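Shown next, in structure tokens, is the structure this report addresses.
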Amino acid sequence: MPNRYAYLGPAGTFTEAALRQLHPGLTEDASVPCSGVDAVFAMVRKGEVDGGVVPLENSVEGGVTTTIAELINGVPLLISAEAAVPVRFTLAARDGAALADVKRIATHPHALAQVRGWISAHLPEAETFTVSSTAAAAQAVAEPGAPYDAAVCAPIAAERYGLRPLADDIGDRSEAATRFIRLSRPGALPAPTGADRTSLVAFIADDHPGALVELLNQFALRGVNLTRLESRPTGDGLGRYCFCIDAQGHVADAALGEALMGLRRICRDVRFLGSYPCADESTGPARPTRPRATSNADYHDAELWLERIRSGGVA
Ligand SMILES: O=C(O)C(=O)C[C@]1(C(=O)O)C=C[C@@H](O)C=C1
């Protein structure tokens with residue numbers, strides 16, 4: 001049986017586009033739409049599917065909080081792949097409706113945040129409503145007696161649910177993109193490709209001046225570039241945070257491996273979330289020039305040297 005993947009549905013979401021980018025040719029039976037990000041995590045955790053695709057962050061609106069909270073808490077899952085999808089929004093309505101008829105607009109909260117400027121310029125009187133996804137908004141608008149007049153969704157969702165676009169490309173930022181991740185149950189990691197990313201969550205041991213700097217130094221000293229740093233509440237009380245970190249490189253790289261060992265020594269807990277190939281340059285800054293002496297060969301040479309002097313050899 002082919003692998004089955006859960007995703008934030010229904011059909012026509014940007015998440016489905018990400019799933020298809022990661023698995024071109026995936027059949028309808030092998031893709032399982034879920035009504036929420038938490039439902040995707042639950043299906044993967046229970047082993048009902050082989051993996052799941054969820055949004056992680058958007059270039060305009062930032063992190064998707066449900067995804068981040070699920071990654072931090074509960075039964076650990078691994079990120080085994082990522083995809084970057086450009087997001088272009090359409091305002092779509094039932095056939096026969098004109099822009100002037102639109103009084104109630106439905107969409108996903110992240111999508112709403114990306115089209116706010118357009119709505120206040122073109123439909124300042126319209127009320128907005130948030131639903132579980134952009135495609136769920138399109139589906140709701142298409143229903144007879146729908147409570148909404150229009151949906152902000154992907155052009156493909158408008159088409160799938162038989163809606164007519166009233167305005168295209170209504171995003172306030174034309175270059176907006178969302179980064180999606182594929183979740184897997186813990187198991188063998190994807191092999192290093194030379195352009196990988198590693199994700200983790202660090203929980204500092206005790207709050208003290210410089211605690212965050214100490215954490216960051218583990219990467220800086222070893223020439224490891226970070227592509228994302230986000231503090232999130234641990235849920236244990238006000239003022240308690242953990243740090244979600246994405247770093248360039250694979251855990252199999254000596255420098256990154258040593259940085260993780262450093263974190264393990266100084267943190268209360270470190271949740272490793274996976275090493276996986278980078279989607280493309282749009283998901284992080286261009287590869288930086290590594291500082292001197294942080295390559296795998298440099299680390300190996302230093303390890304051999306230490307072994308030699310420990311066993312009484314000549315340095
Ligand atoms: O609703 C969708 O179509 C989704 O895939 C979710 C989502 C998000 O969570 O950010 C994905 C991309 C867009 O930024 C808007 C919504």
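All residue numbers in this chain count up from 1 along the given sequence. Values below: every heavy atom of this structure, side chains too, minus hydrogens, waters and symmetry copies. When a ligand or atom number is given, it counts from 1 through the structure's own listing order. Given the structure is predicted, the values throughout are model-derived calculations rather than measurements.
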Begin from the C-alpha positions of L78 and L189 and carry the test side chain to side chain contact (heavy atoms under 4.5 Å, CB included) through to its verdict.
CA-CA 9 Å; L78 286 182; L189 301 178; 3.7 Å; yes
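- The pair R179-E82 meets the salt-bridge criterion, since a charged nitrogen lies less than 4.0 angstrom from a carboxylate oxygen.
- Heavy-atom distances between E61 and ligand 1 stay at or above 4.0 Å for every pair.
- The N/O atoms of S132, backbone and side chain alike, include none that comes under 3.5 Å of an N/O atom in ligand 1.
- The shortest N/O to N/O separation between T178 and ligand 1 falls below 3.5 Å.
- For ligand 1, the atoms lying closer than 4.0 Å to a non-hydrogen atom of T13 are 2 (C), 3 (O), 5 (O).
- Checking E57, H108, R179, Q114 against atom 14 (O) of ligand 1, the nearest heavy atom belongs to Q114.
- Hydrophobic clustering (side-chain heavy atoms under 4.5 Å, transitive across Ile, Leu, Val, Met, Phe, Trp, Tyr) groups I68 together with V54.
- Annotation: atom 2 (C) of ligand 1 to nearest protein heavy atom, T134 OG1, 3.2 Å.
- Heavy atoms of N58 found under 4.0 angstrom from ligand 1 belong exclusively to the side chain.
- Of all non-hydrogen atoms in S133 and P10, the two that sit nearest each other are OG-CD, 3.5 Å.
- Counting heavy atoms under 4.0 Å from ligand 1, residue S133 touches it through both backbone and side chain.
- Taking any N or O of H110, backbone or side chain, none lies under 3.5 Å from an N or O belonging to ligand 1.
- Looking at atom 6 (C) of ligand 1, its nearest protein heavy atom turns out to be L8 CD2, 3.8 Å.
- Inspection of the T227 and D246 side chains reveals no N or O donor paired with an N or O acceptor under 3.5 Å.
- In this structure, the ring of F89 has its center less than 6.0 angstrom from the ring center of F14.
- When every heavy atom of F219 is checked against every heavy atom of L215, the shortest pair comes out as CD1-O, 3.6 Å.
- The protein atom (non-hydrogen) at minimum distance from atom 4 (C) of ligand 1 is T15 OG1, 3.5 Å.
- Remark: ligand 1 and F14 share an N or O pair separated by less than 3.5 Å (distance only, no angle test).
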Is there a salt bridge (charged side-chain N to carboxylate O under 4.0 Å, His left out) between E125 and K103? Walk through the geometry before answering.
CA-CA 7 Å; E125 305 296 324; K103 304 275 180 288; over 6 Å; no
